[in-house]
Amino acid sequence: MPLLQVLRPTLPILIGASIMLTLSMGLRQSLGIFMQPLTHDIHISISDFTLALAVQNLAWGFLQPLAGAMTVRYGFRPIMIVGSLMYIAGLVLMATANGLVSIMIGAGVLIGTSLACTAAAIAMSVAARAVPATVRSTVLGIVSGAGSLGALLSAPIGQMLNEGFGWRVGLAGFVIMSVLMIPAAWYAGRVDQVPLPKPAADDIGDATAASVAKAAFGNAPFVVMTCAYLVCGMQLVFLTTHLPSYLAICGLDPMLSAQTLGMIGGFNVLGSLFFGWAGQRWNKLALLGGIYILRSLALAWYFMLPATPASTLLFGAIMGFLWMGVGPLVAGAVAEMFGLRWQAMIQGLAFMSHQIGSFLGAYGGGVIYDALGSYTMAWRIGVALGLAGGIIQVAFALIRPSQPPAPVLRTA
């Protein structure tokens, strides 16, 4: 049966989830564009700004399991709509900021909390529930790819507004774009009316959140995947936060940073589609490790050579292809190991590790730059840890394929 015919009944859900994801991720990935003018104008340091983004990543990561658990009790729609409203409030607070406190609350706490309710873990769980298992990995790749278009659109728009009218107008433009998250979340919330498929004997179904978490962390392939996920967050957030600053230091055109983030967003689409397709056919966890290894090699190549417009755009294309391809692989692996009911929460547990890495990538990169006046040590650490994490992930996935945990029963 053609894929479109299979998906037609759930297209509003998938389109809503894709739009919500593309806005929440695209706007967030483009905040680094405003770092230089914002910090200069309101008299805060680079490390102050990156601390706010680090807080954002920690709030996102540590609240993600809670948001996932709340979808089991209250449904997806109210969680996603509240998250969308918090995103708008965070951007408004950033656009009107006059000091560190507003940036910390807006960019850090509010947007971080919103991402736990609107970004990949929730959007992927919505998509996974809406479609049959036979096409799940492919559909997760499509949603992830559609969600990658945000950076392709928001980075150039933000940069043009920033250069033409100032960073406050640029962020005001982001506020207007973020309003579209509300109707997108509403339509994606129709998934609450889709009944869960009959659980397999080894699915985690009618259990408590505590017993589900215990089963997840008792599953060795899940634990290895979670630990390696730290590398993913560290590398990606280091780039989205510090690449615009690095290009400015190299004396390159400020628009190049927006073009590169847009290139990342464009090739994100191709990578997400490819890895969604590949995950339907090959070992998802081994593919994850391969992504980490290839990313690390690309980082080493780019930062070892003098930065030029051509090398920067090529680097953006390579990293974009390897960027959100992790989304369908992680979501698909969690669904295979644990079933759908608790997928958002379990994926959130893994994502906590990702966000610890994001904290290190954002804040650690800023601290190293302030201390040494260079990003050299930061990218070397990212390459070394990326190679180590990727090799371990591939080796473990091939030596010990993932197995579903034993059924978990509700405890009194």
Side-chain angles (χ1 to χ4, degrees), residues 22 25-37 46 50 144-145 147-164 170 231-232 234-275 290-326 361-362 365-366 368-369 372-384 386-387 390:
T22 200
M25 292 298 293
L27 297 175
R28 173 248 180 191
Q29 288 172 359
S30 303
L31 292 178
I33 288 171
F34 307 108
M35 179 163 63
Q36 292 283 353
I46 294 293
T50 56
S144 179
S148 303
L149 294 172
L152 184 64
L153 299 173
S154 59
I157 291 172
Q159 186 65 47
M160 286 189 291
L161 292 174
N162 181 36
E163 289 189 345
V231 171
C232 177
M234 182 179 62
Q235 291 179 336
L236 298 190
V237 175
F238 170 75
L239 284 179
T240 56
T241 304
H242 296 286
L243 184 61
S245 178
Y246 176 74
L247 295 177
I249 293 168
C250 294
L252 296 173
D253 185 349
M255 183 56 74
L256 181 61
S257 63
Q259 292 170 343
T260 304
L261 291 174
M263 184 71 77
I264 289 172
F267 277 83
N268 249 333
V269 178
L270 298 178
S272 296
L273 293 173
F274 172 77
F275 286 107
I291 288 177
Y292 303 152
I293 293 170
L294 292 174
R295 275 187 195 164
S296 301
L297 295 175
L299 279 167
W301 163 75
Y302 177 70
F303 283 102
M304 286 176 66
L305 298 175
T308 67
S311 68
T312 301
L313 292 174
L314 177 59
F315 173 67
I318 295 170
M319 292 301 291
F321 187 79
L322 301 170
W323 199 278
M324 282 189 70
V326 300
I368 290 173
Y369 176 76
L372 303 178
S374 164
Y375 285 114
T376 301
M377 182 60 67
W379 72 256
R380 286 178 176 174
I381 292 172
V383 168
L387 289 173

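In this structure, CG in L314 is found 9.0 Å from OG1 in T308, a value given to the nearest 0.5 Å. The CD1 atom of I157 sits 13.5 Å away from atom CG of N162, with the distance rounded to the nearest 0.5 Å. In this structure, the separation between CD1 on I291 and CE on M319 is 10.5 Å, given to the nearest 0.5 Å. Here CZ of F267 is found 10.0 Å from CG of L313. Values are rounded to the nearest 0.5 Å.
The main-chain N or O of G316 is never found under 3.5 Å from a side-chain atom of T260 such that the two would form a donor-acceptor pair.
Looking at every heavy atom in both residues, A298 comes nearest to I318 through CB-CG2, 3.8 Å. Here the closest non-hydrogen pair linking G26 and S154 is O-OG, 2.9 Å. Taking every heavy atom of both residues into account, A317 and M263 meet most closely at N-CG, 3.5 Å. Closest approach of M234 and I381 over heavy atoms only: CE-O, 4.5 Å. Of all non-hydrogen atoms in A378 and F238, the two that sit nearest each other are CB-CE1, 3.7 Å. Of all heavy-atom pairs spanning C232 and R295, the tightest one is SG-NH1, 3.2 Å.
Ring pair F303/W379 is parallel by interplanar angle, where below 30° counts as parallel and above 60° as perpendicular.
Judged as a side-chain hydrogen bond (donor to acceptor under 3.5 Å, both in side chains), the pairs with a partner in residues 312-321 (not counting sequence neighbours) are, in order, Y302-T312.
Side-chain contact between L27 and L31 is absent, with no heavy atoms from C-beta onward closer than 4.5 Å. In this structure the side chain of L305 never reaches within 4.5 angstrom of the side chain of F315, judged on heavy atoms.
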